[in-house]
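Down below is the structure, laid out as structure tokens.
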Amino acid sequence: MTTTTANSVPLDVAAIRADFPILSRTVRDGKPLVYLDSGATSQKPTQVLEAERRFLETSNAAVHRGAHQLAEEATDAYEYGRARTAEFVGASPDELVFTKNATEGINLVAYAMSNAATAGPEASRFVVGPGDEIVITEMEHHANLVPWQQLCQRTGATLKWFGVTADGRLDLSNLDELITERTKVVAFTHQSNVLGTINPVRVLVDAAHKVGALVVLDACQSVPHFPVNFHELGVDFAAFAGHKMLAPYGIGVLYGRRELLEAMPPFLTGGSMIELVRMEGTTFAAPPQRFEAGTPMTSEAVGLGAAVDYLSVLGMERVAAHEHVLTEAALAGLGEIPGVRVVGPTDMKDRGGLVSFVIDGVHPHDSGQVLDSLGIAVRVGHHCAWPLHRACGVASTVRASFYVYNELSEVDALVRGVREAQRFFGVA
Amino acid sequence: MTTTTANSVPLDVAAIRADFPILSRTVRDGKPLVYLDSGATSQKPTQVLEAERRFLETSNAAVHRGAHQLAEEATDAYEYGRARTAEFVGASPDELVFTKNATEGINLVAYAMSNAATAGPEASRFVVGPGDEIVITEMEHHANLVPWQQLCQRTGATLKWFGVTADGRLDLSNLDELITERTKVVAFTHQSNVLGTINPVRVLVDAAHKVGALVVLDACQSVPHFPVNFHELGVDFAAFAGHKMLAPYGIGVLYGRRELLEAMPPFLTGGSMIELVRMEGTTFAAPPQRFEAGTPMTSEAVGLGAAVDYLSVLGMERVAAHEHVLTEAALAGLGEIPGVRVVGPTDMKDRGGLVSFVIDGVHPHDSGQVLDSLGIAVRVGHHCAWPLHRACGVASTVRASFYVYNELSEVDALVRGVREAQRFFGVA
Amino acid sequence: MYQEIILDHYKNPHGRGLREPFDAESFQVNPTCGDEVTLRVKVDDGKVADVSYDGQGCSISQASTSVLTELVVGHTVEEAFATMDAFVELMQGRGQVEPDEDVLEDGIAFAGVAKYPARVKCALLGWMAFKDAVARTDSGVETA
Amino acid sequence: MYQEIILDHYKNPHGRGLREPFDAESFQVNPTCGDEVTLRVKVDDGKVADVSYDGQGCSISQASTSVLTELVVGHTVEEAFATMDAFVELMQGRGQVEPDEDVLEDGIAFAGVAKYPARVKCALLGWMAFKDAVARTDSGVETA
Ligand SMILES: Cc1ncc(COP(=O)(O)O)c(C=O)c1O
Ligand SMILES: Cc1ncc(COP(=O)(O)O)c(C=O)c1O
């Protein structure tokens, strides 16, 4: 399957919506659902649910363990999910580790690095300690922030970070001061889940690799929304989650360059990740198995493969173009309302499909409540990026995020809803 | 819902089988499937698949984050899964942490213990180091073995273990030498996944608590198969997995006594488990949220709740009685075949629903292959309990494991299949 | 859920602004939205003599803290805690609890909020700060 | 999948038992079933002069190691590796690869095993040990 469907033809949103039964339900006394919270989690098409169900009703068995026919079929289905996903993100299948969510993927790297201190000599390149520095950014989701704070706490390394400019971009003015010979890891988000900002991966990869630091990319908001190729980006590790890209819950992906995964000590340990176990000590399997302890998320991997198939048929260029149109309309519509302030870039350059904003005089919780009463599901709060909100001078924001099944009429509903919130709270 | 269905009435297996479409498929050129590998993973009834599907098609949204109607419904559904499961195992909902599998649950405790060294003073009771001892057993699944080896490697603590008697029981003769003032953790399995042996939890809990050690119970093979009440057992932690008890993949449970979870430092970190995040440092939420970083396995928790409902309607006493009948028949049938040796207790005292065995002169892989060619799915290998196999003087075994949907005719098929393997390899 | 009473308290909060003298102070935060409140209490002879507070929050958290000051100032700590228990019960009742106007006065306006679980924390933010602050005074009764 | 040839080699294995002299030894294990093989090679002037082995395993792993000795002893290391590549290709071919009897001789009996992915590792165990042992000899050619 390829992604070369004529990229200029827009998505057939009506046809897409028919694949998502939940979108035709109503909420709050019969209001049609306007789901603008895909940045938190996406809805799942019938094709994905069917793939998982079919697997469970015909081939379900423990993978990589059994020798009977079901076990063979299950292993094939699971590994097909890995192979399809690898192809989708420009990686080899053995460079993808299945995790339960993106958060686990980032924790995996951070824990493997502290484990390196007591692992064998081949793990020495992962060791960090006092004097070493981990560089992140102020716009990170907590998932790409707290694990690094904790790694520093465990090892004595120091955490540093890039700031954010007034227009919601990464402030790279002090790049040379931040990324130095002391830097061991540079971890940052591909696209901010609050600002929508798409960060300049190449610039950071080059700076990091020049000093021998590892690059960890949070790809949670990029892989579901535009074409991503990890080999081309040149990152060392990347994490993303199935549930944000039409796939089931409970499955995420950690990408790691082959030679790094091969040298990296394990994180979770137990069954299926071992080579030889004695009471006195254990040796470990090759990647990716080394990092997949215990019974894996089997049907979820099948569902992820089906989601990747679904997105591939749509074509990721077209998905990105579709979200571009919706976001542009949202920025324009909200931009016309006095007292509404967008947090993040207000132009479409290097910017993805979500818009966060505040309404002067109406707390985001209250804005969200009014929108909810109109059937419009948005997210309110700090969206797991509390330091970023503080840096932007707000406690919380309202976020509308778009995906393949959203349509322009839903953007209009959002804009009308914001005006209604202003009216209700007497600020317009 | 209660489990007080008349316990003396046997399970209606024909009715149960109708809930599992996979059981009516054929394998290997038209042979009816005889699935005797539920110890690895169980099949899932339509009720569980439907519950998950219904959730995804009507209420799907990110839990514990959103304020819109879908998010409320999703949070309720997720927490209902927790509450039902807690009731099922004799615990409070806030004592249950959802993990991706049982392996993660045990790793969680082991990593929290090494994290305790750099956490605050309230975590001091979890700190281990040189001079401290962790006591496990030689019959552990790798999931309850390797994480403790690794904890010792990270901290300098020492691993000790109970041996196994010739008849496949825990050798407690040196209990007083093994569990001492130096012991910080006693971790063992409730029921062996190879021997079927059910261990004397009380004896070990009392010995451990007398010296102030924490008890970690591997409940993977007990919770699915007989009534278990963690409060009554008095254990400090326990782990089990949904996929072995009719529930989806990708969800496991760690039980922890409330006061322990409250004092324990986090393991995975990221979104939804925080109290306050600044770039300089983070404080954490109360349990169970503290231990559930990132987007959880939402639909899987709904499925687990449905599986618990399903098992509760059957009644766990009746489930245990049903497996008792099958196991007794298997032990009798295999016991009559010359050259077949059961590994584990050959009587039904403190013994659960699985039988592992070897056929003299036929390697388990070859036995399994012959059985597979007859449509009988068993597990061959060391079943992730390699040291136990070594202790029993075998490299691997054949394991038949039973569950609610198995019938006596399938035990007969197994026994006939074993004779066929002997014939085929010319040893009978 | 936005009763007039709530909007009134939101627009004209009672007792807002931090004051001296006080016996104890509590800082509480809602981890999902970042809202926060700092609340001070003065307790004289077992009576709540003053409650003052500051912070940022939505209409629900601001209004409920405003109502709190009306309900507890001038009452004994014991009475205040009984009122708090009634308010907490109402909020956690999922809309199934019938509020007692004699006890909760303006607080009954929050009955509708209880139907929105995500907002219950907002309504309780100030109360949690009150409970914690009182516990920190010498006269603090044992709180679970 | 249990061809007569496989069962014959299983019951009457060739070259079994560890022998001296040898240049290098390799120990390989199948992590899922615990099967293991220790295999020794003697290489003289670029030729495989002897292969001896011991271990425990199923019919497939035992027979394929027995076939291995027949296929490589007396051949140059280069020829032996070419045979190995052909055998590995056959085994990983999921039953889609047509084996060349001129190259694989008795080895073609394993074509059916390739349809059972869980058994492929068994069939390759001895070969992995051979590859590793040769790599450990001075004459060991580079192996990927
Ligand atoms: C006794 C025992 N412990 C632990 C596990 C590991 O469970 P999981 O693979 O779900 O993590 C299993 C099953 O594989 C088991 O049988
Ligand atoms: C940018 C970003 N990083 C990380 C995460 C965490 O992903 P997950 O919750 O699947 O672990 C999210 C979503 O919640 C996100 O938007």
Side-chain angles (χ1 to χ4, degrees), chain A residues 27-29 31 37 39-41 138 141-143 145-146 193-194 343 356-399 417 420-427, chain C residues 1-14 16 18 26-39 53-68 91 94-95 109-129:
Chain A
V27 290
R28 303 294 180 214
D29 305 322
K31 311 280 186 326
D37 198 14
T41 201
E138 214 169 1
H141 187 282
H142 296 161
L145 192 171
V146 190
N193 68 318
V194 177
V343 176
S356 298
F357 58 93
V358 290
I359 307 176
D360 291 338
V362 187
H363 188 280
H365 252 182
D366 292 320
S367 316
Q369 192 84 37
V370 172
L371 292 170
D372 176 42
S373 72
L374 300 168
I376 305 166
V378 294
R379 178 113 181 255
V380 298
H382 51 57
H383 320 308
C384 300
W386 205 335
L388 172 62
H389 276 77
R390 238 179 252 116
C392 295
V394 289
S396 54
T397 53
V398 180
R399 181 184 75 185
E420 173 61 26
Q422 288 184 316
R423 236 183 331 265
F424 186 82
F425 282 95
V427 297
Chain C
M1 73 177 248
Y2 290 113
Q3 301 288 316
E4 268 318 311
I5 300 180
I6 294 180
L7 294 175
D8 281 351
H9 275 276
Y10 175 44
K11 283 170 196 157
N12 305 297
H14 298 212
R16 197 181 161 92
L18 293 172
S26 173
F27 172 73
Q28 296 290 321
V29 61
N30 183 338
T32 49
C33 63
D35 284 351
E36 43 186 59
V37 64
T38 302
L39 184 144
Y53 63 94
D54 203 0
Q56 57 187 8
C58 60
S59 59
I60 303 299
S61 70
Q62 297 297 303
S64 93
T65 311
S66 169
V67 167
L68 176 156
M91 294 318 299
R94 289 275 167 140
F110 291 82
V113 177
K115 290 190 205 124
Y116 297 87
R119 305 305 297 276
V120 169
K121 268 190 197 154
C122 310
L124 293 179
L125 191 66
W127 292 87
M128 292 305 110

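The chains referred to below are lettered A, B, ... by the order of the sequence lines, with proteins before strands, and numbering in each begins at 1.
Here the closest non-hydrogen pair linking A:Ala395 and C:Gly34 is CB-O, 4.3 Å.
Surrounding NZ of C:Lys11 are more than 12 heavy atoms belonging to other residues, nucleotides or ligands, all under 6.0 Å away.
Applying the salt bridge (Lys or Arg N to Asp or Glu O under 4.0 Å) test to C:Asp8 and every residue at least two apart in sequence or in another chain returns nothing. Residues passing the ring pair (Phe, Tyr, Trp, His ring centres under 6.0 Å) test with A:Phe425 are C:Tyr2, sequence neighbours excluded.
Of the atoms belonging to C:Ser59, heavy atoms from both backbone and side chain fall under 4.5 Å from chain A.
Contact residues of residues 373-392 of chain A toward chain C are A:Gly381, A:His382, A:Trp386 (heavy-atom distance under 4.5 Å). Heavy-atom neighbours of chain C within the stretch residues 356-367 of chain A, taken at a separation under 4.5 angstrom, comprise A:Gly361, A:His363, A:His365, A:Asp366.
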